[in-house]
Amino acid sequence: MQNEPTCELNSKEEAADIYCSTCKTPIRAFDKLFGNHKDHEVTELTNAAEIAKEEVHKNMCKLEEQIGQMENVASHLEEIFITVEENFGRQEQNFEMRCNDVMQTLAQRYEEKLQDLGEEKKLKLEALYGQLVSCGKDLDTCKDLMETIQELCMENKKVDFIKAAVALVDRLEKFLKKDLDLELSTLPDFEDRAIDFSDMEQLMDSINTVPDDSIECYQLYYKQVSDDTPSEEQAELMTKVKETYHTVTHLVPNTQYEFWVSALNASGISPASERAVYVTAPSPPIIKSQESQSCENAALICWESGNINPVESYTVELSKVTNGENGDVITESIVGIPNCEALIQLQPRHSYLISVRAVNMGGSSERSEPVSIHTTGTYFYLNEDSAHPLLSVLEDGFTIACSEIENPECDLPSRDNSFTRCIAILGSMIPFQGKHYWEVEVEEDMEYRVGVAYENTHRQGYLGANNSSWCLRHIVTPSRHKYEFLHSGTTPDIRITVPPKRIGILLDYDNWKLSFFNLDIAQHLYTFNSHFQHYVHPCFALERPGFMRIHNGIAAPTSIALS
Amino acid sequence: MSAIPQQLHLRTDYNLTLAALGAETPAPAKIMALKQISSNKCFNGFQKVFEHDSVELKCKMKFGIYLPPKAESGKCAVLYWLSGLTCTEQNFITKAGFHQAAAEHGLIIVAPDTSPRGCNIEGEDESWDFGTGAGFYVDATEEPWKTNYRTYSYIKDELPKLINANFPTDPERMSIFGHSMGGHGALILALKNPGKYKSVSAFAPICNPIQCPWGKKAFGGYLGSDLSKWEAYDATHLVKSYPDSHLDILIDQGKDDQFLSAGQLLPDNFIAACTEQKIPVVFRLQQGYDHSYFFIATFVNDHIRHHAKYLNA
């Protein structure tokens with residue numbers, strides 16, 4: 001077997017095996033060491049591929065957004081198009097109708113007036129004719145008298161003359177006493193007849209307005225509708241509105257409302273319109289950030305609905321935070337979540353802001369207050385509900401303490417879920433596949449148990465004494481430190497010469513292992529090979545007064561991750 | 001051709017000496033370092049056996065060497081296995097079932113023989129626990145053993161040099177483990193050479209030879225009656241003066257091991273000493289297991305993983 005010192009450089013392939021971030025191109029590692037890229041930044045090909053993928057994905061998301069917006073605009077335009085046609089149609093009809101009314105009324109008036117004029121003329125002419133006839137008669141009489149007078153004057157016989165003259169003077173006196181109507185009975189001028197256009201004016205004006213121009217205002221009514229209370233009991237609210245649109249505020253979220261309108265004018269109020277039913281969007285949910293959990297690859301978020309009545313579904317929104325920025329840019333949305341919890345896949349060693357919206361028929365709520373998730377490692381919280389009465393959790397939430405123990409099985413008040421004999425506490429379940437890591441810190445003379453257990457592990461039992469729990473147990477005997485690795489009450493016989501003060505615990509669901517390490521010297525202590533049937537909870541117990549500090553949400557040290 | 005000078009028999013590199021002497025044509029028999037005896041492909045690597053002329057032991061010595069697939073393209077760390085009483089270079093490579101783990105972790109495994117062979121020393125074949133097959137990994141000081149029975153120096157110096165010169169190894173990354181007498185060998189080599197081995201482990205080691213029958217017989221024969229010479233090869237004793245260098249020791253011991261109950265192994269003494277000195281040890285007493293290769297085969301993967309953690313870090 002030959003051993004050439006340069007054998008590692010004689011690679012047969014020319015393929016690129018590393019990525020130069022400075023030149024943004026894949027290169028051979030050889031070139032980084034000896035070539036043009038000596039001083040450049042390099043990164044693993046998989047890394048570079050990941051980054052490129054992310055870029056593409058980001059841009060794809062933006063593109064999707066744009067597509068959505070443009071489709072929206074297009075459909076709005078269509079709607080407006082149709083509405084324009086409708087409005088035109090209505091206006092046209094309206095004009096036609098009004099104009100026809102006006103024309104008809106005008107024609108009517110014309111006829112009437114014409115008729116009146118005709119009547120007047122007839123009267124005038126008749127009067128004049130009468131007067132003329134009468135005048136003619138008088139004229140004839142006058143002429144007749146005149147002739148008589150003339151004849152008289154020619155009469156020589158004095159006796160006849162006097163007789164005739166007396167008769168004539170008598171006739172003349174009678175005639176002259178008569179009132180001669182010399183006044184003109186009729187003036188040639190006609191009455192001033194203006195056509196009464198007053199109502200015409202109204203009609204003319206109405207050409208330019210929509211039929212309901214005469215409305216003074218509208219009355220908008222609304223009322224809550226709910227399945228439980230009969231509708232009569234709900235208060236009816238009303239607002240007066242001038243326009244044909246109105247925004248109603250201060251409504252109760254996630255509630256059904258009925259709306260109806262009446263029009264009001266001088267003559268009174270119209271009948272009510274048909275009732276429209278709308279549902280208000282829900283209130284935003286409230287994330288239970290204390291109970292939210294994460295590991296390197298996933299997070300489990302729980303929340304309260306934020307609404308008294310049920311909603312249809314929930315939407316979870318994620319923002320990946322880079323360098324403390326981009327907290328507002330939503331990188332991912334998960335819709336249609338039926339319950340108040342979601343298991344979300346994430347990338348390791350990133351920070352995220354996660355928020356939730358509630359969704360119902362009326363739309364989606366405002367975004368909830370976000371919860372911050374860091375995928376630095378597996379994170380769980382201690383379930384104080386499960387703690388033995390003598391075990392307390394300190395303020396930091398991750399240190400457990402036990403005070404003097406007289407009788408751990410004494411009749412202290414305990415909750416249903418708490419341990420009664422073993423002074424133990426469970427952490428929250430770790431519901432994610434893969435590997436999970438956490439640490440505990442103990443004093444050298446502490447007696448404790450630390451490990452994992454199923455949710456239903458016997459609360460009356462001791463950790464490790466049954467088949468639903470696995471733990472490392474440390475006790476101090478007069479001669480030495482004793483370590484047990486307990487499951488189903490049995491332990492292998494293991495001696496450990498250096499008592500660990502910091503213990504690393506590695507849970508590997510994929511390979512069904514639970515391993516313990518002395519972190520100070522990176523020493524592997526023991527591994528359970530156990531096919532976990534369910535997800536487990538970390539568990540901790542103290543057998544002597546003292547403290548145990550728990551660290552989680554951290555990455556396993558490399559030496560342990562490789563084990 | 002000039003006569004080959006005496007210098008060649010000293011503990012020096014053949015080639016260097018020859019170059020210094022200006023020899024032109026090396027005699028094949030002495031200079032060809034290794035002769036391959038066998039080669040079998042195994043888990044995509046190769047289990048080979050070589051023979052060479054040992055300077056320390058002054059005889060032909062065989063060793064097994066497993067080259068993992070990784071060795072074809074790069075340098076690998078080396079894990080030395082020391083076998084127990086009566087074993088040769090064959091036992092471990094045929095019975096222990098370590099190849100898959102070695103291939104997976106990319107480790108070269110070297111398994112030398114347990115004593116010099118064919119030296120024709122009187123009495124060497126009289127017992128199975130002294131002489132042939134029972135080198136005890138010491139440098140003998142007593143006749144007739146002192147010329148050939150230098151297995152301590154062989155394992156410490158000659159063999160690593162030979163391996164590093166002929167195989168793709170990383171000379172800085174080396175660990176050691178063994179069984180029974182080989183466990184004793186591994187422990188003392190690690191304790192006497194702080195920093196030389198990245199990790200050490202053992203199966204049923206003889207932990208305190210000066211207190212057990214085997215040890216007393218072997219040390220008496222190889223080292224004479226001076227107890228101080230014995231202590232220099234006793235792990236329990238060596239621990240007491242081990243400087244604080246990081247060492248992580250894994251020991252597996254079968255609970256049903258007849259030699260344990262016979263008081264040959266004495267692990268409790270070793271553990272007590274390590275506890276006192278704060279040397280990290282994980283000692284596992286394995287229920288139902290005996291002293292055989294079946295026991296070794298069961299836990300060898302754990303040991304390889306233990307060493308890989310330090311060798312591949």
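Chain A is the first sequence line, chain B the second, and so forth, proteins listed ahead of strands; every chain is numbered from 1. All heavy atoms count here, side chains included; hydrogens, waters and symmetry mates do not.
By the neighbour-count criterion of 12 heavy atoms within 6.0 Å, atom CD of Glu41(A) is sparsely surrounded, having that number or fewer from other residues, nucleotides or ligands. More than 12 heavy atoms of other shown residues, nucleotides or ligands fall within 6.0 angstrom of atom NZ in Lys196(B). The local environment of CD in Glu443(A) is sparse, with at most 12 non-hydrogen atoms from other residues, nucleotides or ligands closer than 6.0 Å. Enclosure of atom NE2 in His551(A) by more than 12 non-hydrogen atoms of other residues, nucleotides or ligands within 6.0 angstrom is indicated. Within 6.0 Å of atom CD in Glu44(A), 12 or fewer heavy atoms from other residues, nucleotides or ligands are found, so the atom counts as exposed in its surroundings. With a 6.0 Å radius and a threshold of 12 heavy atoms from other residues, nucleotides or ligands, Gln433(A) has its CD atom above the threshold. For Lys70(B), the NZ atom is densely surrounded, since the number of other residues' heavy atoms within 6.0 Å is greater than 12. Other residues, nucleotides and ligands contribute more than 12 heavy atoms inside 6.0 Å of the OH atom of Tyr535(A).
Note that CG of Leu250(B) and CD of Gln523(A) are 9.0 Å apart. Values are rounded to the nearest 0.5 Å. Note: Arg284(B) CZ to Phe485(A) CZ = 10.0 Å, rounded to the nearest 0.5 Å.
Residues from residues 262-274 of chain B that place a non-hydrogen atom less than 4.5 Å from a non-hydrogen atom of chain A comprise Asp268(B), Ile271(B), Cys274(B), given in numerical order. Interface residues of residues 486-494 of chain A toward chain B, defined by a heavy-atom distance below 4.5 Å and sorted by number: Asp493(A), Ile494(A).
Of the residues Asp520(A), Ile521(A), Asn518(A), Leu525(A), the one that meets the side chain to side chain contact (heavy atoms under 4.5 Å, CB included) test with Pro280(B) is Ile521(A).
Of all the heavy atoms in Val281(B) and Thr497(A), the pair that sits closest is N-OG1, 2.7 Å.
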